[in-house]
Amino acid sequence: MALELKIPAVGESITEVEIGQWLKKEGDTVKVDEPLVELVTDKATLELPAPVAGRLSKILIPSGQAKVGDVVALLEEGAAEASSSAPTQSAPAPSQAAAAESKVMPAAERLAAQAGLQASSIPGSGPGGRVLKEDVQRAVTTPPPAPQPTPGTPPTPPAQKGERREDVVPMTPLRRRIAERLLAAKQNTAMLTTFNEADMSAVMELRKEYGEAFQKKYGFKLGFMSFFVKAVVQALQEIPQLNAEIRGTDIVYHRYYDIGIAVGGGEGLVVPVIRDADRLSMAQIEAVIADFGARVREKKIKPEELMGGTFTITNGGIYGSLNSTPILNPPQVGILGMHAIVERPVAKNGAVVIRPMMNLALSYDHRIVDGREAVTFLKRIKELIENPVRLTLEI
């Protein structure tokens with residue numbers, strides 16, 4: 001009996017998706033929850049899994065636009081069991097499976113997870129093909145293969161000498177939605193930006209002194225973002241105007257702290273949200289951020305994880321940006337921009353010294369945030385980052 005594979009509800013206010021790459025062909029057998037096709041929404045790229053084990057008998061919509069509820073394919077339930085009569089390679093015994101898993105050394109596993117790599121896919125140079133830490137380090141430093149074009153990216157065949165050419169490609173739903181939201185933010189808010197700078201010496205010393213112990217205990221690095229999330233939460237508690245939104249003629253002050261972290265996802269910037277960031281330790285914040293980064297790259301982020309948020313942090317510094325004016329993420333009224341850390345001369349106690357400095361930018365909606373609150377907020381971030389002990393003492 002044929003089972004209809006329908007486009008599910010993939011998030012609030014999303015009614016249309018674009019059919020991306022089919023991961024299975026007609027006639028292929030599939031397991032329960034095995035990904036069948038990529039769905040590109042206006043928030044993220046997701047995978048649609050098989051609801052039952054069987055065979056993909058017919059693809060009805062191979063590409064293009066589809067609406068929530070549309071039937072995109074037909075599945076024959078149970079066909080997988082019928083095909084299992086064909087000779088197949090026997091599954092490894094439990095002892096064999098355990099031996100296979102042990103081919104990845106713990107240190108290599110941790111390093112691969114931090115780098116967003118699958119340790120089992122890295123060739124091992126240790127005894128019996130074991131994957132060592134050095135193997136992962138080589139994989140990290142080896143230049144990756146040229147990336148495949150993503151939807152909405154123009155093809156780049158070699159240009160002929162003197163050729164004048166235009167490549168026209170449709171915008172993906174994600175890129176269209178980004179364009180709409182950015183334009184709306186500029187048109188519907190009274191956005192201003194204020195700037196400051198922070199001496200990163202103290203944070204860098206802490207990371208240098210305790211980074212190795214932190215990584216050994218938790219399995220991932222102590223990054224900069226957890227310091228800024230903690231600083232933002234503390235500053236928002238002191239200056240609630242930046243943790244608010246406008247609803248009609250009312251101002252809604254949020255008494256919870258859901259912090260959006262901008263993550264580059266290939267097709268555009270997505271902003272997964274750390275819920276109740278005020279209740280999390282720095283280790284928990286780093287774990288959530290690492291998980292978001294890995295799942296954004298693997299296109300496994302959930303639509304509901306991109307919704308809501310009371311304030312956003314974006315880090316253009318990872319791309320080398322020295323300064324910027326980040327655009328608000330409505331209905332939020334504040335966004336903090338971090339930038340590259342650069343050593344430069346600064347005046348300290350009457351002397352010129354070299355310090356690792358980061359430019360900070362706070363964009364805010366002037367309709368409900370006055371300049372005094374915005375400047376005070378950013379100055380508070382600077383104070384907390386330059387003296388991070390205050391983050392733990394909450395003073």
Side-chain angles (χ1 to χ4, degrees), residues 1-89 91 116 118 120-121 147-153 155 169-178 180 263 265-268 270-273 291-308:
M1 179 179 176
L3 179 72
E4 294 180 337
L5 183 70
K6 296 182 179 180
I7 302 290
V10 289
E12 181 186 1
S13 77
I14 300 177
T15 60
E16 185 181 72
V17 303
E18 183 171 301
I19 304 298
Q21 178 186 3
W22 280 91
L23 308 175
K24 292 288 184 179
K25 303 188 298 290
E26 287 186 359
D28 284 354
T29 57
V30 297
K31 301 174 184 176
V32 179
D33 292 332
E34 190 172 9
L36 300 178
V37 62
E38 290 181 347
L39 304 179
V40 184
T41 76
D42 59 9
K43 293 184 182 292
T45 300
L46 314 166
E47 292 177 342
L48 179 60
V52 296
R55 186 172 69 88
L56 181 60
S57 59
K58 184 74 173 172
I59 295 176
L60 302 177
I61 307 180
S63 62
Q65 302 293 318
K67 291 187 166 105
V68 171
D70 283 355
V71 179
V72 293
L74 299 177
L75 288 171
E76 290 182 21
E77 187 174 0
E81 288 82 359
S83 65
S84 64
S85 58
T88 56
Q89 193 173 16
Q118 189 70 33
S120 58
S121 66
Q148 296 299 312
T150 55
T153 302
V169 295
M171 293 175 73
T172 63
L174 179 60
R175 178 52 60 185
R176 289 203 304 268
R177 182 62 172 163
I178 289 172
E180 291 168 3
V263 179
E267 295 176 51
V270 294
V271 187
V273 178
D291 176 61
F292 280 157
R295 289 193 291 118
V296 166
R297 288 190 297 271
E298 296 167 3
K299 302 178 182 178
K300 295 186 184 296
I301 202 77
K302 299 174 184 176
E304 58 266 25
E305 293 174 313
L306 305 174
M307 296 177 189

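Note that the structure is a prediction, hence the values are computed from the model and not measured. Index from 1, following the sequence.
- Rounding to the nearest 0.5 Å places CD of E47 at 10.5 Å from CD of E34.
- The side-chain contact (heavy atoms from CB on, under 4.5 Å) test with P8 is passed by exactly one of L39, V68, V17: L39.
- The shortest non-hydrogen separation linking P35 to K24 is O-CG, 4.1 Å.
- Judged as a salt bridge (charged side-chain N to carboxylate O under 4.0 Å, His left out), and not counting sequence neighbours, E26 has no contacts.
- Considering every non-hydrogen atom in both S63 and I19, the closest pair reads CA-CB, 3.8 Å.
- Remark: V71 pairs with E4, K6, L60, L74 by the side chain to side chain contact (heavy atoms under 4.5 Å, CB included) rule, at least two apart or across chains.
- Closest of all the heavy-atom pairs between V263 and G293 is CG1-CA, 4.4 Å.
- Shortest non-hydrogen contact noted between L3 and P51 is CD2-CG, 3.9 Å.
- Atom CD1 of residue I59 and atom NZ of residue K25 lie 9.5 Å apart, to the nearest 0.5 angstrom.
- The CD1 atom of I7 lies 12.0 Å from the NZ atom of K67; values are rounded to the nearest 0.5 Å.
- Closest non-hydrogen pair, W22 versus I61, comes out as NE1-O, 3.3 Å.
- When the salt bridge (charged side-chain N to carboxylate O under 4.0 Å, His left out) test is applied to D291, the partners found at least two apart in sequence or on another chain are R295.
- From L5, atom CG reaches atom CG of L56 across 8.0 Å, with rounding to the nearest 0.5 Å.
- Of the inter-residue distances, the one linking Q21 atom CD with E38 atom CD reads 5.5 Å to the nearest 0.5 angstrom.
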* Give the intermediate values and the outcome of side chain to side chain contact (heavy atoms under 4.5 Å, CB included) for residues L75 and V30. => CA-CA 9 Å; L75 288 171; V30 297; 4.2 Å; yes
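- Summarising the geometry of I301 relative to F292, their closest heavy-atom pair is CD1-CD2, 3.7 Å, with the distance given to 0.1 Å.
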